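All remarks here apply to the structure that follows.
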Amino acid sequence: MERIAVIDFETNGLAPGSHCRATEIAVVLLENGRLVDRYQSLMNAGVWIPSDIERLTGISNRMLKTAPPVAQVMREAADFVGSTPLLAHNASFDKKFWDYELGLLGRQRTQDFACSMLLARRLLPHAPNHKLGTLNSWLGLPATGRAHRALADTEMAANLMLHLAGLLQRQHGVAEVSHGLLCQLQKQPAAKVAAWLSARGH
DNA sequence: TGCCAGGCCCTCTTTAGGGCCTT
């Protein structure tokens, strides 16, 4: 499998803006089905973390006070990713923040995002639900640390991605699981993907 | 101190509504 960059943001809210920014990012690079490199950092964008989100992520306002500036972290993360194709769990969320934070640096994304949630809905329709943590437990994938911290969630998404790639290869005979194929699959209606998988055999 | 969104997908749909998923 080609190189893929799996990313996850922790933020202080759901939609980027002047009061809602990224607070932590993690990136892991997958190559030939293995995790080959990683980047992780808290970042200080000068925003306040509400108490409910602090409880959710474990990232406190105190922790952000000593974190490096957001511009420095996002430059490092963007340089780390380069033009590598991206993947995230519920990528529409991380894509918003990636594009917003890069935009503030005058930079622009050039690669597509694949989404492990959209793919899991198509490839694992019988899962109890398609939350990242649920899928990881349900599939018996390795524990990666405290949920809702960026690196732990990124590694969970990476393990999920490798599991889905394995399903496509072993159960459905897909010779090469490319990022382009993942992006195509996630755009197709679930019923159409199910029919395509069924025709390839289980 | 703490406000807050939006794309996807199903169906009791398509001139819409609501749940899922991310923090």
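We name chains A, B, ... by the order of the sequence lines, and we start the count at 1 in each one. The shown structure was predicted, so the numbers you read here are calculated from the model rather than taken from an experiment.
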Nearest-Å distance once atom [atom1] is located in both [N] and [M]:
N: dA5(B); M: dT23(B); atom1: C1'; value: 11 Å
N: dG17(B); M: dT1(B); atom1: P; value: 39 Å
N: dT13(B); M: dG19(B); atom1: P; value: 16 Å
N: dC8(B); M: dC4(B); atom1: P; value: 24 Å
N: dG7(B); M: dC3(B); atom1: P; value: 23 Å
N: dC12(B); M: dG6(B); atom1: C1'; value: 25 Å

Quick check for you: among [options], whose closest atom lies nearest to any side-chain atom of [X]?
X: K96(A); options: dA5(B), dC3(B), dC20(B); value: dA5(B)
X: H130(A); options: dC4(B), dC21(B), dT23(B); value: dC21(B)
X: A190(A); options: dC10(B), dC4(B), dC21(B); value: dC10(B)
X: N12(A); options: dT23(B), dC3(B), dG7(B); value: dC3(B)
X: H19(A); options: dC4(B), dC3(B), dG6(B); value: dC3(B)
X: W48(A); options: dT23(B), dT1(B), dT22(B); value: dT1(B)
X: A15(A); options: dC20(B), dA5(B), dC4(B); value: dA5(B)

Between [atom2] of [N] and [atom1] of [X], the distance in whole Å:
X: L14(A); N: dT23(B); atom1: CG; atom2: C1'; value: 5 Å
X: L56(A); N: dC21(B); atom1: CG; atom2: P; value: 15 Å
X: L118(A); N: dC8(B); atom1: CG; atom2: P; value: 7 Å
X: Q186(A); N: dG7(B); atom1: CD; atom2: P; value: 15 Å
X: L87(A); N: dT22(B); atom1: CG; atom2: P; value: 13 Å
X: E10(A); N: dT23(B); atom1: CD; atom2: C1'; value: 7 Å
X: K131(A); N: dC8(B); atom1: NZ; atom2: P; value: 21 Å
X: F97(A); N: dT22(B); atom1: CZ; atom2: C1'; value: 9 Å

If you look at every strand shown and take non-hydrogen atoms under 4.0 Å, does [X] touch a base, only sugar-phosphate, or nothing?
X: N129(A); result: sugar-phosphate
X: D153(A); result: sugar-phosphate
X: F9(A); result: sugar-phosphate
X: D94(A); result: nothing
X: A88(A); result: nothing

Could you tell me whether a side-chain N or O of H89(A) sits under 3.5 Å from a main-chain N or O of K131(A), the two making a donor and an acceptor? no
Without swapping roles, check the side chain of E24(A) against the backbone of A150(A) for a donor-acceptor pair under 3.5 Å. yes
Spacing of I25(A) atom CD1 and F97(A) atom CZ [to the nearest 0.5 Å]: 11.5 Å
If you measure from the Lys or Arg side-chain nitrogens to the Asp or Glu carboxylate oxygens, is any gap between E10(A) and R149(A) under 4.0 Å? no
Are any of the side-chain nitrogens in R107(A) or D79(A) under 4.0 Å away from the carboxylate oxygens of its partner? yes
Give me the ring orientation class for F80(A) and Y39(A): parallel if the planes are under 30° apart, tilted from 30 to 60°, perpendicular past 60°. tilted
Looking only at heavy atoms, which two atoms of F9(A) and A22(A) are closest? And how far apart? CD2-CB, 3.6 Å
Does S51(A) or H148(A) map to a spot on DNA chain B nearer the 5' end, using the closest nucleotide for each? S51(A)
